[in-house]
2 protein chains.
Amino acid sequence: MLNNIDQRILEVLLKDSRISLKELAQQVGLSSPSISERLHRLEERGVIRAFSIEIDPQALGYQLQAIVRIRPLPGKLHIVQKLIEETPEFCECDKVTGDDCFIVRLFVRSIEQLDQIIDRIADKAETSTAIVKAQPIKRRPPPFGIA
Amino acid sequence: MLNNIDQRILEVLLKDSRISLKELAQQVGLSSPSISERLHRLEERGVIRAFSIEIDPQALGYQLQAIVRIRPLPGKLHIVQKLIEETPEFCECDKVTGDDCFIVRLFVRSIEQLDQIIDRIADKAETSTAIVKAQPIKRRPPPFGIA
DNA sequence: AGTGAAAGAATCACAAC
DNA sequence: GTTGTGATTCTTTCACT
């Protein structure tokens, strides 16, 4: 799927996407133009979805993080989904199989804010809230070495 | 917490972290040197945790995504956590309050692989697996406009 | 926070393997 | 088909305002 050079490019860019092509080229042992072409190909193929930044919620005052399972009441699915999408504190939302229709990640500045936000969907869905105590894996891409 | 200029810098960089300082400066209406200084301050303050890339798991052949709730059996907590960390297909892991000790995100190439990976922890923990059908919110930072 | 000069990097056309 | 070379253009950075 990906050769060794592409893998190393991805590894370097995951740590620092603003690195210059020149330095990236040196780290993987090729010239800048060839790295440039590989980069564009990785973008075209969709392997690199975006060059972005990671923002630290804590640095913005979000002291609490929760994962909430949401089971909309009959007929309320679309209203609930809309409410989730329009509440910016919900930062991840997965529609899943099984009892829980949505599993969402919520950032809040306080328990009071958590309560407020959950309350707003309380009449449209059943919810189970789990406060995040630690993050053994904060976020990483799936392996691209194999295949 | 953040002034308007910093907010706009973050917005632009979220979409493209490889943008040149010059263009970034034009988009927010300041000169390159002042943008450069603001960038460094945002990094030092920890607001920008990293300049990185988003890799698309689908482009790497991961057709399935699951969210798994994991309740280790008595005495098995640390073994289970280690197993999760060492299995690279687990790409997110939150240790949470409540019955479910861990909530993890799992990328796999097939149902067979999903079964294999879940089986490896089946004798050490109870698990509930929910297949991701859609992602109404793929991932976004919490609001930095307010406060 | 802006200006201008010097250093450095990206990109393009083209050559080589 | 992919990689390297060198010229041109653009960007970053630094001293100074």
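Residue numbers begin at 1 in each chain, while the letters A, B, ... track the order of the sequences. Because the structure is a prediction, the values reported are computed rather than measured. Quick note: numbers below take in every heavy atom, side chains included, and nothing from hydrogens, waters or symmetry partners.
When the C1' atom of C/dT11 is taken as reference, atom NE2 of A/His40 falls 10 Å away, rounded to whole Å. Distance A/Leu39 CG to C/dA10 P: 10 Å, rounded to the nearest Å. Regarding B/Leu21, its CG atom lies at a distance of 14 Å from the P atom of C/dA9, rounded to whole Å. For the pair B/Gln27 CD and D/dT11 P, the interatomic distance rounds to 13 Å; values are reported in whole Å. One can place CG of B/Asp16 at 13 Å from P of D/dT11, the figure rounded to the nearest angstrom. A/Asn3 places its CG atom 10 Å from the P atom of D/dT2, with the value rounded to the nearest Å. In this entry the distance linking CD of B/Gln26 with P of D/dC10 reads 12 Å, nearest Å. Rounded to whole angstrom, the span from the CD1 atom of A/Ile19 across to the P atom of C/dA9 amounts to 11 Å.
Contact between the side-chain N/O atoms of B/Ser32 and the OP1/OP2 oxygens of D/dT12 is not found at any separation under 4.0 Å.
No donor-acceptor contact under 3.5 angstrom links the side chains of A/Glu11 and A/Gln7, judged on distance only.
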Decide side-chain contact (heavy atoms from CB on, under 4.5 Å) for B/Gln63 and B/Gln58; before the verdict, give the C-alpha distance in whole Å, the side-chain angles of both, and the deciding distance to 0.1 Å.
CA-CA 6 Å; B/Gln63 302 301 342; B/Gln58 284 218 24; 3.8 Å; yes
B/Val104 and A/Ile137: side-chain contact (heavy atoms from CB on, under 4.5 Å), yes or no, with the steps?
CA-CA 9 Å; B/Val104 303; A/Ile137 301 169; over 6 Å; no
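With distances taken from any side-chain atom of B/Lys22 to the nucleotides D/dT11, C/dA1, C/dT11, the minimum falls on D/dT11. The side chain of A/Ser34 has D/dG4 as its nearest neighbour among D/dT13, C/dT11, D/dG4.
If you check every strand for non-hydrogen atoms under 4.0 Å, A/Ser20 touches sugar and phosphate atoms only. Looking at heavy-atom distances under 4.0 Å, A/Glu37 makes contact with a base. Backbone-only contact: B/Arg38 has heavy atoms under 4.0 Å from sugar-phosphate atoms and none from a base.
In this structure a side-chain-to-backbone donor-acceptor pair under 3.5 Å is missing from A/Arg69 to A/Ala130.
Map A/Pro33 and A/Arg18 each onto its nearest nucleotide of DNA chain D; the residue landing nearer the 5' end is A/Pro33.
Residue B/Glu85 qualifies as enclosed at atom CD: its count of foreign heavy atoms under 6.0 Å is above 12.
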